[in-house]
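Just so you know, these numbers come straight off a predicted model, no measurement behind them. Numbers restart at 1 for each chain; the letters A, B, ... are given by sequence-line order, proteins then strands.
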2 protein chains.
Amino acid sequence: MDALGHHVLLELYGCDAFVLNDTKKIKDILTEAALLANARIVETAFHRFSPHGVSGVVIIAESHLSVHTWPEYEYAAIDIFTCGEDIRADLACNHIISKFRAKSSAMVEMKRGVIPTANEYAGAVTQREEVLACKR
Amino acid sequence: MDALGHHVLLELYGCDAFVLNDTKKIKDILTEAALLANARIVETAFHRFSPHGVSGVVIIAESHLSVHTWPEYEYAAIDIFTCGEDIRADLACNHIISKFRAKSSAMVEMKRGVIPTANEYAGAVTQREEVLACKR
């Protein structure tokens with residue numbers, strides 16, 4: 001079933017806590033990930049919290065990448081929401097997993113904006129497409 | 001099972017196409033939604049695409065709200081990612097559904113950052129907590 005968007009929710013465990021607390025490094029990594037995915041960056045917003053943790057978003061022409069980090073748990077939540085056929089979200093994921101030095105990751109990919117025909121409309125819900133869990 | 005974050009993925013169908021193409025209105029609605037949820041806003045970034053469509057993010061101390069609109073399909077994708085016990089994501093959802101004049105909506109709520117014990121670690125994946133589909 002066709003969808004307007006594809007949304008990857010990436011859970012990263014056992015990351016490098018120093019990376020997860022470094023706003024500039026995280027912004028660089030997310031920006032690089034967007035470019036590797038073949039996306040066009042239009043806005044960025046990043047914020048460092050006290051005493052620790054970073055939140056940030058890269059708005060791309062094809063939707064967005066977001067990150068929230070909990071250095072105290074060596075955990076980061078990444079979202080890669082894209083539309084279009086030319087986007088390589090997988091390359092963005094691999095780059096972030098590598099640069100965050102995640103020991104373990106889990107991924108859920110969802111279809112967003114499944115525009116139904118009239119008959120399908122009443123039951124329209126997002127579809128969970130795939131669940132992958134991998135140990136590194 | 002406890003989680004660091006809760007992530008609501010909201011699909012809105014049959015929305016008012018004029019609202020979905022109005023960057024200022026969408027920014028106002030998302031900002032109001034964040035405040036209704038009892039969140040503290042720290043950054044915002046919105047972008048209008050040509051010929052139509054808006055993307056935007058409100059970074060809050062408790063994570064983020066995001067929106068992507070496809071006025072041509074009367075569809076909007078909303079994400080409300082929060083942490084903490086004092087956040088009322090339900091109030092934010094209701095506000096956005098109402099202001100976007102959505103005829104139909106679907107919601108998925110996910111736990112993010114389920115920090116496992118050692119025994120649970122190998123199988124750690126995000127949990128789909130609840131799926132609700134409602135007709136308005």
Trainee: Please look at A:Leu12 and chain B and tell me whether the side chain, the backbone, both or neither of the residue comes under 4.5 angstrom of a heavy atom of that chain.
Mentor: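 Answer is neither: A:Leu12 stays 4.5 Å or more from chain B.
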Trainee: Does a side chain donor of either B:His68 or B:Ser55 reach within less than 3.5 Å of an acceptor in the other side chain?
Mentor: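 A pair is found: one side chain offers a donor N or O, the other an acceptor, under 3.5 Å apart.
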Trainee: Any idea which of A:Ala61, A:Ser66, A:Gly5, A:Ala45 has the most non-hydrogen atom pairs under 4.5 angstrom with chain B?
Mentor: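 Looking at each of A:Ala61, A:Ser66, A:Gly5, A:Ala45 in turn, A:Ala61 comes out on top.
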Trainee: If only atom types and distance count, is the side chain of A:Tyr75 paired as donor or acceptor with the main-chain N or O of B:Gly113 below 3.5 Å?
Mentor: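 Confirmed, A:Tyr75 side chain pairs with B:Gly113 backbone.
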Trainee: Tell me whether A:Arg40 is salt-bridged to A:Glu62, with the criterion being a basic N under 4.0 Å from an acidic carboxylate O.
Mentor: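 Salt bridge: no.
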Trainee: For A:His64, is it the side chain, the backbone, both or neither that has a heavy atom under 4.5 Å from a heavy atom of chain B?
Mentor: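 The answer is both parts of A:His64.
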Trainee: Nearest 0.5 angstrom please: A:Leu4 CG to A:Lys111 NZ, how far?
Mentor: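 One gets 11.5 Å once the value is rounded to the nearest 0.5 Å.
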Trainee: Below 4.5 Å, heavy-atom pairs only: which of A:Ile60, A:Thr44, A:Val57 has the largest tally toward chain B?
Mentor: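 Top count of heavy-atom pairs under 4.5 Å with chain B: A:Val57.
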Trainee: Go through the atoms of A:Ser63 and report whether side chain, backbone, both or neither lie under 4.5 Å from a heavy atom of chain B.
Mentor: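 Both parts, heavy atoms under 4.5 Å.
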Trainee: To the nearest 0.5 angstrom, please state how far the CD1 atom of B:Ile115 sits from the CG atom of B:Asp2.
Mentor: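 Answer rounded to 0.5 Å: 10.5 Å.
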Trainee: Name the region of A:Phe46, side chain, backbone, both or neither, that has any atom closer than 4.5 Å to a heavy atom of chain B.
Mentor: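 Only the backbone of A:Phe46 comes within 4.5 Å of chain B.
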Trainee: Ignoring hydrogens and angles, tell me if any N or O in the side chain of A:Asn38 forms a donor-acceptor pair with the backbone of A:Asp86 under 3.5 Å.
Mentor: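 Indeed, once roles are kept as given, a pair shorter than 3.5 Å links the two residues.
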Trainee: Quick check for you: among A:Phe81, A:Tyr73, A:Trp70, which has the greatest number of heavy-atom pairs under 4.5 Å with chain B?
Mentor: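 The candidate making the most pairs under 4.5 Å is A:Trp70.
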